[in-house]
Amino acid sequence: MRKTYHRPAGIVHGPDAGQVIKEGRGALLGGLPAMAYTLVEVVKREGAAITRRFEPFRDGLVPAIRWPDDRPLVMGIVNVTPDSFSDGGRNAEAARGIANGLQLAKEGADILDVGGESTRPGSDGVAEDEELRRVIPVIAGLAQAGLRVSVDTRKARVMREALKAGAQIVNDVAALTYEPAAMEAMAEAECPVILMHAQGDPKTMQLSPSYEDVALDVFDWLEARIAACEAAGIARHRIIADPGIGFGKSFRHNLDVLNRFTLYHGLGVPLLMGLSRKGFIGALTGEKVAGNRVHGSVGGAVWSALNGAHILRVHDVKGTVEALAVALAAANPDGSGL
Ligand code: 8Y4
């Protein structure tokens, strides 16, 4: 089977973006203000044979999408997993999660991603009841404070209960494949859902990840998941896609996905990038302690933003927000939309 992909390239920012669009030489990238692409890499794949060439931008090659915000949103990570250093019980655990979320909101997080199941490489799942006991009080507390909350879960019942408790977005690292009920739960809901790519499950995914072409294979997989969701009754405008850095990907796979990130604009939905503190950041910087990978992570977030990511999932909200303030102001000095 022969398939053609169009990867936006030749990105220009700010006043340049307005100018190239006016001249008919470019189009808005991902509906973000003041970012335009002027080239497309046309990638043709037939079996194992792949050819690539650049062409000037043409209308209609890459779907246009609407993004209501004038910048990428920052999603702050709120982990509600047991802390081996403190054992003050359930209430203390919830209070810690809520305090953590409030602090991230103060630092400028637009969304708080609350998760109670570790999906790090090699980790075991957590029982549904335990996951609910962890996340629901934290979601309720943050939602009651007027904050926008996403729930990081693969399970249908956790999705439903989280939405009842005030969550407004579902973030699923299994892209609604963990159980059929997850797809049904989201078809009945009306909120946005983040579909993340993974190869294999968290327990075994890093053992021997393998792709023909990682960037294209991830594209095909996300495209198929978006189609499956639409067929199940989840409107396209509710879907956000994420290539899933670190989920069944080698160091080189992660770099290739980042390098070709603009390919995913071809999916026609907003894009999320999550690379905060992950192993490949440590591999690039030499920092072995995940909690000390802030500067490398911020660098990756800025790269993602300048390539049109719509949402950045990060631990270090303050650093990310400050770095974006500088990078986005340099890209677009008068802050104008187009
Ligand atoms: C150190 C720090 C080592 C963090 C590993 C990790 C994503 C996600 C995760 C992502 C979306 C993680 C829940 C893995 N990553 N959701 N969740 N996208 N949408 N690992 O990339 O942070 S958990």
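Every number for a ligand or one of its atoms is a count from 1 in the order of the listing. Computed from a predicted structure; not experimentally measured.
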So for atom CZ, which belongs to Arg25, do other residues, nucleotides or ligands contribute more than 12 heavy atoms lying within a distance under 6.0 Å? no
Within a reach of under 6.0 Å around CZ of Arg66, are more than 12 heavy atoms found that belong to other residues, nucleotides or ligands? no
Arg293 (side chain) donor-acceptor with Glu287 (main chain) under 3.5 angstrom: yes
Write out all pairs satisfying salt bridge (charged side-chain N to carboxylate O under 4.0 Å, His left out) with one or both partners inside residues 225-243, taking only residues at least two apart or from two chains. Glu230-Arg236
So, Ser150 versus Asp113: side-chain donor-acceptor pair below 3.5 Å or not? yes
So if I only count non-hydrogen atoms and take anything under 4.0 Å from ligand 1, which residues does that give, chain by chain? Thr119, Arg120, Asp152, Asn171, Val173, Ile194, Met196, Asp242, Phe247, Leu272, Gly274, Ser276, Arg277, Lys278, Ala290, Arg313, His315
Check: Leu104 main-chain N/O paired with Lys106 side-chain donor or acceptor under 3.5 Å: no
